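By convention here, the first residue in the shown sequence is residue 1. Small disclaimer: the values here were computed from a predicted structure and weren't measured.
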Amino acid sequence: MKRTKSISRIFEMILGIVGSLVGIFSGSFLIFLGSVPTNAHTPFLGLIAVVASFLGIASTYYVRKNAEIAGIGFIIATMFVILGSDYINVISAIFLLLAGVSSLFRK
């Protein structure tokens with residue numbers, strides 16, 4: 001009988017949850033800033049960031065089942081969080097990117 005070594009994915013889960021929660025809060029802040037008449041595209045960009053953060057939460061769910069799919073989901077969420085932010089979601093993007101790279105390359 002071969003013993004398979006199980007890798008704990010708690011690190012990726014924590015980074016994914018923290019990055020997603022920060023992304024949701026900062027995306028909501030961008031939506032709130034949409035009420036100010038200076039930036040017309042801010043609510044749409046905030047909505048993109050919030051949806052991408054929910055993709056990060058979904059990827060957190062899949063970390064234990066299939067780490068490669070979760071890593072790809074984290075990296076896609078990172079790209080959309082960066083797209084949907086005006087330098088306010090950088091911390092969220094860093095957390096999601098670290099979770100994605102860690103879940104893809106950690107064996």
Enumerate, atom names and distances included, each donor-acceptor pair closer than 3.5 Å involving a side-chain atom of residues 52-62, sequence neighbours excluded.
{"unit_1": "S53", "atom_1": "OG", "unit_2": "I24", "atom_2": "N", "d": "3.4"}
{"unit_1": "S53", "atom_1": "OG", "unit_2": "A49", "atom_2": "O", "d": "2.9"}
{"unit_1": "S59", "atom_1": "OG", "unit_2": "L55", "atom_2": "O", "d": "3.0"}
{"unit_1": "T60", "atom_1": "OG1", "unit_2": "G56", "atom_2": "O", "d": "2.8"}

Salt bridge (charged side-chain N to carboxylate O under 4.0 Å, His left out) partners of residues 50-63, not counting sequence neighbours, each pair once: none
Backbone of L97 reached by a side-chain donor or acceptor of T78 within 3.5 Å: yes
Pairs where residues 93-102 contributes a residue and the test salt bridge (charged side-chain N to carboxylate O under 4.0 Å, His left out) is met, not counting sequence neighbours: none
Reported CZ-to-OG distance for the pair F25 and S20, which is rounded to 0.5 angstrom: 11.5 Å
Co-members of I69 in a cluster of I, L, V, M, F, W and Y side chains, linked at under 4.5 Å: none
Which donor-acceptor pairs under 3.5 Å do side chains of residues 9-17 form with protein atoms, sequence neighbours excluded?
{"unit_1": "R9", "atom_1": "NH1", "unit_2": "E12", "atom_2": "OE2", "d": "3.3"}
{"unit_1": "R9", "atom_1": "NH2", "unit_2": "R106", "atom_2": "O", "d": "3.3"}
{"unit_1": "E12", "atom_1": "OE2", "unit_2": "S102", "atom_2": "OG", "d": "2.9"}

Closest non-hydrogen atom pair, L45 against L83: CD2-O, 3.8 Å
Sub-4.5 Å side-chain heavy-atom contact between L96 and I75: no
More than 12 heavy atoms of other groups within 6.0 Å of L98 CG: yes
Closest approach of V50 to I31 (non-hydrogen atoms, all atoms of both residues): CG2-CD1, 4.3 Å
Residue list, salt bridge (Lys or Arg N to Asp or Glu O under 4.0 Å) with R64, at least two apart or on another chain: none
